[in-house]
Participant: 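So that we are looking at the same thing, I have put the structure below in structure tokens.
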Amino acid sequence: LQQHLAQGVLRAVETGRPFVQAANTGASALVSASGQIVAEAPWAIETALTGTVTRGRGTTPYVRSGEGPAVVMMLLAALLAILPLGRRHA
């Protein structure tokens, strides 16, 4: 269940936005826009977290471009991998 928190940290960094995870099982946490876990509840212990979540401003390169650059790079890598197969040396 720590995977969900780790994914939230990744999304906070990608988007430059804070992340709040409230879970009845697993990890509850407050994550800053930089991906730092500001507060985390002990696992399987009933508790309350308090903290301040600031509104994000601006956008990150990932938010502006999305998956586009990754798709272009994968297509380019696939093309470069196929090209040598078409060349035959005599």
Participant: First locate atom CD of Gln21, then atom CD1 of Ile37, and finally report the distance between them rounded to the nearest 0.5 Å.
Facilitator: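 Output value for this atom pair is 9.5 Å.
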Participant: Please report the closest heavy-atom contact between Ala33 and Gly16, naming both atoms and the distance.
Facilitator: CB-O, 3.4 Å
Participant: Could you tell me the separation between the CG atom of Asn24 and the CD atom of Glu46, rounded to the nearest 0.5 Å?
Facilitator: 11.0 Å
Participant: Is there a path of hydrophobic side-chain contacts, each under 4.5 Å between heavy atoms, that joins Leu83 and Leu76?
Facilitator: yes
Participant: Got a sec, which residues hit salt bridge (Lys or Arg N to Asp or Glu O under 4.0 Å) with Glu40, two or more places apart in sequence or on another chain?
Facilitator: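 Checked Glu40 against salt bridge (Lys or Arg N to Asp or Glu O under 4.0 Å); zero matches.
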Participant: What pairs with Ser34 under side chain to side chain donor-acceptor pair (under 3.5 Å), at least two apart in sequence or on another chain?
Facilitator: Ser32
Participant: Work out which heavy atom in Ala27 is nearest to a heavy atom in Gln2; give both atom names and the distance.
Facilitator: CB-OE1, 3.3 Å
Participant: Might you work through the side chain to side chain contact (heavy atoms under 4.5 Å, CB included) test for Leu79 and Leu75, ending with a clear yes or no?
Facilitator: CA-CA 6 Å; Leu79 180 63; Leu75 292 173; over 6 Å; no
Participant: Nearest 0.5 Å, please: how far is CG in Leu5 from CG in Leu10?
Facilitator: 11.5 Å
Participant: How many angstroms lie between CD in Glu67 and CE in Met74, if you round to the nearest 0.5 Å?
Facilitator: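 Glu67 CD to Met74 CE: 8.0 Å, rounded to 0.5 Å.
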Participant: Quick one: list whatever passes side-chain contact (heavy atoms from CB on, under 4.5 Å) with Ala12, sequence neighbours left out.
Facilitator: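 Partners of Ala12 under the side-chain contact (heavy atoms from CB on, under 4.5 Å) test: Phe19, Val31.
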Participant: Check Leu49 against Ser28 and note the closest heavy-atom contact, atom names and distance.
Facilitator: CD1-O, 3.5 Å
